[in-house]
There are 2 protein chains.
Amino acid sequence: MDRDQTDKDDDASAHERPTLKTLAFMTGLGVTTVSRALKDAPEIGAETRRRVQLVARQIGYRPNRAGVRLRTGKTNVISLVLNTEREIMSFVSDIIYGVSEVIADTPYHLIVTPYSRSQDPLDPVKYLVETGSADGVIISRTQPNDPRARYMLERGIPFATHGRTDMGLVHPYHDFDNYAFAAEAVRHLAGIGRRRLALVTPPVGLTYYGHTVNGFVDALGEVDASEVPFNTVSIDQSIDQIRTRTAQLMRREVRPDGFVSSAAAATLAIVAGIEDAGLKLGRDVDVVSKQSSELLHLFRRELLIVNEDFRLAGTELARAVLGWIGGAAPGSLQTVVKPGDVVAYRG
Amino acid sequence: MDRDQTDKDDDASAHERPTLKTLAFMTGLGVTTVSRALKDAPEIGAETRRRVQLVARQIGYRPNRAGVRLRTGKTNVISLVLNTEREIMSFVSDIIYGVSEVIADTPYHLIVTPYSRSQDPLDPVKYLVETGSADGVIISRTQPNDPRARYMLERGIPFATHGRTDMGLVHPYHDFDNYAFAAEAVRHLAGIGRRRLALVTPPVGLTYYGHTVNGFVDALGEVDASEVPFNTVSIDQSIDQIRTRTAQLMRREVRPDGFVSSAAAATLAIVAGIEDAGLKLGRDVDVVSKQSSELLHLFRRELLIVNEDFRLAGTELARAVLGWIGGAAPGSLQTVVKPGDVVAYRG
DNA sequence: TCAGTATACTGAAACGTTACAGATTGCCAA
DNA sequence: TTGGCAATCTGTAACGTTTCAGTATACTGA
């Protein structure tokens, strides 16, 4: 009789991974009781609970994820969906670390779900939802009318977007205030006497493209400056393209004396283009740029910089998804971070 | 009787995720047969096999990962273990994309397992192995005597290291030939008349620190040049520290006229330090640097560059782990990639 | 004709977990 | 004394998969 219970498990020597059955055997309790004791269920006696938890800690019991997942459907996985070609480099590492920081003391794992240029961005999201591979999803490159957000909302899977949507639907997001960034950049350039400004936009189609353009245009209305159209360029073009087009622009008769750039990599290309045209940064033209890691001031100290913290984005997005999973109202999980001041080189 | 089989599953309207049971019901076969038919087991009739696979494809059957994992122990997960503070930024995104590319058409998912400065690097690896969270592991920041590699080898879990070890143990790795890089850099600098060279080393303790130093020193022996010690600096220090120390060094009487730098971010700092000391790149001093993304030539066109492809590292490491999981000999899964030539700015 | 065997299929059990529906005990009110 | 009830604990089933040990059928050779 007794041997029945033990015939597999009490091979303690073999050092197999402990399961609820192991704990049940060690404590002399039933598997069910052990399970409930570990999750502080109300109908378990205080002493039993403590005893079970003590033993569990001692032998290093860890719930088997496959068991939980199979039984409950809970995956304990957050998926970060990334475009393998167009994502900003520092974005990837910073956001991963930000998310990691938040989920570090939770049972969650982070899985990265990539998709490539050729794919519909909806594909990876569909895959995740259809296969039930994650409890929560984080997406970037958010669009005003974003099919992915709509889809996940329909399917009822918790998610958070990096960037806002504009569909009249409520969901968690984290965003940088790109309207304020662009407006502040324009004001700063006007303040140092620049009058003809060009904007290097975010990728057309993404929500923050609109925000940025609006901030730029609105602020131009407030100050004594005008726009030099530079519509052929956006930050997800190649360095070479941006550089060439900038050089072309700067060789025209009517050329900008100020740039507002939405990303550090593009800024490198713009400066190169400016210099290709024989002009000098800080003298002939000023550039205000966003950056997410401290490198632009090493590049050219004349650059004017606004910092965007992607690691913060990671933590906020992770918090938002976990919050939604935990039952919080999606509408209460929306954050927009204001840009800091435009900073010039500090000695 | 019939209703027993159907009472849950045939609610086709509800559009629940199909399982083997669903397929069994649809084809009129047993669950076992369906399972075997899907994996081309030999004892299944050719027509049955085709029929099952057709139906499975039509209704979009996907095996439930939790079911498989619970039953077989196979997780279909590869884990990439990363240091959240010291990893090179572009390394993170490139290697993730490289790995993704390889596992894209396999059932594998990529999970990122981070650890922080304060933790023992062995911790995350122990966690993965003890909880059986992955079928294969990729680690970076490899040391000559690496406890993580030793541990995984003992436990028999497939892994690949970015960088080699030197413990007399055989395991898959991918490495960049840093010996050749450093040696070639020295030869190049000597070739353009530089005589007093300083090395900005990789992090002390990592295997490629030794490789780099050896390449540097050995090549110095071949050419008419000597080393200016710069031991207080390595590439995982902060930009500010490297910059300050470089400036100090460059203000000494006996200062280097050439640098070899193991990472792009450090190179930015070194150039800043050089310029802080009032010296000019290309005139007073030359710098050969590794980089993993095309930005250094935008930064200063006088820089001399050797490219290291982290995306390739990602694909090679993924291939190596998958190979080992697939039963290949670990010794056959080792690659070292030669550096390309030192390249100067191309007009 | 019949045993032997290859072919094609099947049910039951198990992986580790949780939910459901009890079961046992002791205590209290009537 | 008894019925009721709260407090604790328990066995069974189920999640979806694969493996084990079959079973049924048809074919083979003598």
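By convention in this document, chain letters (A, B, ...) are assigned in the order of the sequence lines, proteins followed by strands, and residues within each chain are numbered from 1.
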Please give, in whole Å, the distance from [N] [atom2] to [X] [atom1]?
{"X": "B:Asn64", "N": "C:dT17", "atom1": "CG", "atom2": "P", "answer": "16 Å"}
{"X": "B:Leu20", "N": "D:dT19", "atom1": "CG", "atom2": "C1'", "answer": "13 Å"}
{"X": "B:Leu38", "N": "D:dT17", "atom1": "CG", "atom2": "P", "answer": "9 Å"}
{"X": "A:Arg65", "N": "D:dG16", "atom1": "CZ", "atom2": "P", "answer": "19 Å"}
{"X": "B:Phe25", "N": "D:dG16", "atom1": "CZ", "atom2": "P", "answer": "16 Å"}
{"X": "B:Lys21", "N": "C:dG11", "atom1": "NZ", "atom2": "C1'", "answer": "14 Å"}

Does a donor on one side chain and an acceptor on the other come within less than 3.5 Å for [X] and [Y]?
{"X": "A:Glu87", "Y": "A:Ser140", "value": "yes"}
{"X": "B:Thr142", "Y": "B:Thr207", "value": "no"}
{"X": "A:Asn64", "Y": "A:Arg69", "value": "no"}

Does a side-chain N or O from B:Lys39 land closer than 4.0 Å to OP1 or OP2 of D:dT18, or not?
->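 It does, given that an N or O in the side chain of B:Lys39 lies less than 4.0 Å from OP1 or OP2 of D:dT18.
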Polar side-chain atom of [X] near backbone of [Y] as donor-acceptor pair, under 3.5 Å:
{"X": "A:Ser100", "Y": "A:Ile96", "answer": "yes"}
{"X": "B:Thr33", "Y": "B:Leu29", "answer": "no"}
{"X": "A:Thr84", "Y": "A:Tyr115", "answer": "yes"}

Can you pull the salt bridge (charged side-chain N to carboxylate O under 4.0 Å, His left out) pairs that have at least one residue in residues 98-111 of chain A, sequence neighbours excluded?
->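 Found A:Glu101-A:Arg311.
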Taking only N/O atoms, report every protein-nucleotides 5-12 of chain D pair under 3.5 Å with atom names and distance.
| unit_1 | atom_1 | unit_2 | atom_2 | d |
| --- | --- | --- | --- | --- |
| D:dC9 | OP1 | A:Thr48 | OG1 | 2.7 |
| D:dC9 | OP2 | A:Gly45 | N | 2.9 |
| D:dC9 | OP2 | A:Thr48 | OG1 | 3.1 |
| D:dT10 | OP2 | A:Gly30 | N | 2.6 |
| D:dT10 | OP2 | A:Thr33 | OG1 | 2.6 |
| D:dG11 | N7 | A:Thr32 | OG1 | 3.2 |
| D:dG11 | O6 | A:Thr32 | OG1 | 2.6 |

Heavy-atom side-chain proximity of B:Thr161 to B:Asp146 below 4.5 angstrom =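 Counting from C-beta outward, B:Thr161 and B:Asp146 never come under 4.5 Å.
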Kindly give the heavy-atom pair with the smallest separation between B:Thr113 and B:Ser79, and that separation in Å.
->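 That closest heavy-atom pairing would be OG1-OG, 2.7 Å.
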Reading nucleotides 22-27 of chain D 5' to 3', which nucleotides get B (base under 4.0 Å from a protein heavy atom), which S (sugar-phosphate only), which -?
-> ------
With under 30° as parallel and over 60° as perpendicular, where do the rings of A:His162 and A:Phe310 fit, or are they tilted in between?
->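 Perpendicular, since the angle between the ring planes exceeds 60°.
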Using Watson-Crick or G-U wobble pairs with both distances under 3.5 Å, give me DNA chain C in dot-bracket, 5' to 3', with [ ] for crossers and | for pairs to another strand.
-> ||||||||||||||||||||||||||||||
Residues A:Arg17, B:Glu130: salt bridge by 4.0 Å N-O rule =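 B:Glu130 and A:Arg17: not salt-bridged.
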B:Gln119: side chain to side chain donor-acceptor pair (under 3.5 Å) partners, not counting sequence neighbours |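 Testing B:Gln119 for side chain to side chain donor-acceptor pair (under 3.5 Å), a comparison that skips the adjacent residues, returns none.
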Verify whether the ring centers belonging to B:Tyr151 and B:His171 lie closer than 6.0 Å.
->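 No, the ring of B:Tyr151 stays outside the 6.0 Å limit from the ring of B:His171, centre to centre.
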Nucleic acid contacts of residues 67-75 of chain A, taken as heavy-atom distances under 4.0 Å to DNA chain D |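 Residues of residues 67-75 of chain A that come under 4.0 Å of DNA chain D are, in numerical order, A:Leu70, A:Arg71.
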